[in-house]
There are 2 protein chains.
Amino acid sequence: MNDHETQRIVTIQMGSQANDTPRTARHPTECLAEDWLAFLGHRWNALILWHLANGPMRYGELRDALPGITPKVLSERLAGLTGRLLILRTVSNGFPRETSYQLTPQGSTLGPIVLRLYDWAEENAARI
Amino acid sequence: MNDHETQRIVTIQMGSQANDTPRTARHPTECLAEDWLAFLGHRWNALILWHLANGPMRYGELRDALPGITPKVLSERLAGLTGRLLILRTVSNGFPRETSYQLTPQGSTLGPIVLRLYDWAEENAARI
DNA sequence: CCGAATCCTACATGATACTG
DNA sequence: CAGTATCATGTAGGATTCGG
């Protein structure tokens, strides 16, 4: 199993650098914002949330909405987002299988924040 | 060189991306927020901005304030932040040389946004 | 004091093929 | 349809050393 998207609890503000927690893909961080920025900075993650903001989507729909993403990476991202409780996975028991993903309440609250960043970028840094 | 650039057509309302811009991110993105998330998600970047929020700091001060960072990486980050006009670099002509970094107006406006993410994380995702 | 120049490794991402 | 399993590769981030 490939899990370079493990979760972890980070101490807020210069906590003791406890290494007893499972390490994440990158490096131990002390700041929650830093940690989430790293997570959201991973490719596709923010985009997936963006798409799901309009309502639930199936795996195939997401794949089609994200041209260039590979099934492996899409699975990884969905698992990561699910693990962080930003999205919810629902599987039907029919055939063919239908898996649906939708934002959790927490995932929804994240949208406006990213939106702010987007607005800021448009205003202040549209051209780098 | 990596030439298997998949062409993507997603248009979320993106800022046109100049190809001559120093792409610090791993991949070309179409969304400004996505791009900035990737940038800010790079290790140390947000933390450097955080530290500079309290006022100008010298290279050595930053290095000491960021335990574990190597001079190379610190230079890279400072260059990246400078290139994106988030911080300003000032060099004195004395000896020994004194280089000072401070937030630009744009860099300052970014702070509150990251703060929002921090608050969100504390509320909704403190324990993953 | 403030970096630049090398070298190195882990990880993030992708390509491709295959399965319940 | 909704994913795994392998395999490959660029690059981010770090260790170390040297220079102005």
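Below, chain A is the first sequence line, B the second, and so on; all start at residue 1.
Taking a 4.0 Å limit (strictly below) on heavy-atom distances, residues 55-63 of chain A reaches DNA chain D at R58(A), Y59(A), G60(A).
The side-chain hydrogen bond (donor to acceptor under 3.5 Å, both in side chains) search around T109(A) returns W120(B), not counting sequence neighbours. Listed by chain and residue number, K72(A), V73(A) satisfy the side chain to side chain contact (heavy atoms under 4.5 Å, CB included) test with T70(A) (two or more places apart in sequence, or in another chain). Residues satisfying the side chain to side chain contact (heavy atoms under 4.5 Å, CB included) test with S92(B), not counting sequence neighbours, are E98(B). Partners of P112(A) by side chain to side chain contact (heavy atoms under 4.5 Å, CB included), not counting sequence neighbours: none found. For the side chain to side chain contact (heavy atoms under 4.5 Å, CB included) test, residues two or more places apart in sequence or in another chain that qualify with T99(A) are R89(A), V91(A), R97(A), Y101(A).
Using a 4.0 Å heavy-atom criterion, one finds that E98(A) contacts the sugar-phosphate atoms exclusively. The residue S75(A) sits close to a base: some heavy atom pair falls under 4.0 Å.
At the phosphate of dG13(D), OP1 or OP2 sits under 4.0 Å from a side-chain N or O atom of H42(B). Contact annotation: R77(B) reaches the phosphate of dG13(D) (side-chain N/O to OP1 or OP2, under 4.0 Å).
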Under a 4.0 Å heavy-atom criterion, the protein footprint on nucleotides 15-20 of chain D, written with B, S and -, is B-----
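Between H42(A) and F39(A), the ring planes lie tilted relative to each other; the angle falls in the 30° to 60° range.
Here the shortest heavy-atom pairing between R84(B) and Q106(B) reads O-OE1, 4.3 Å.
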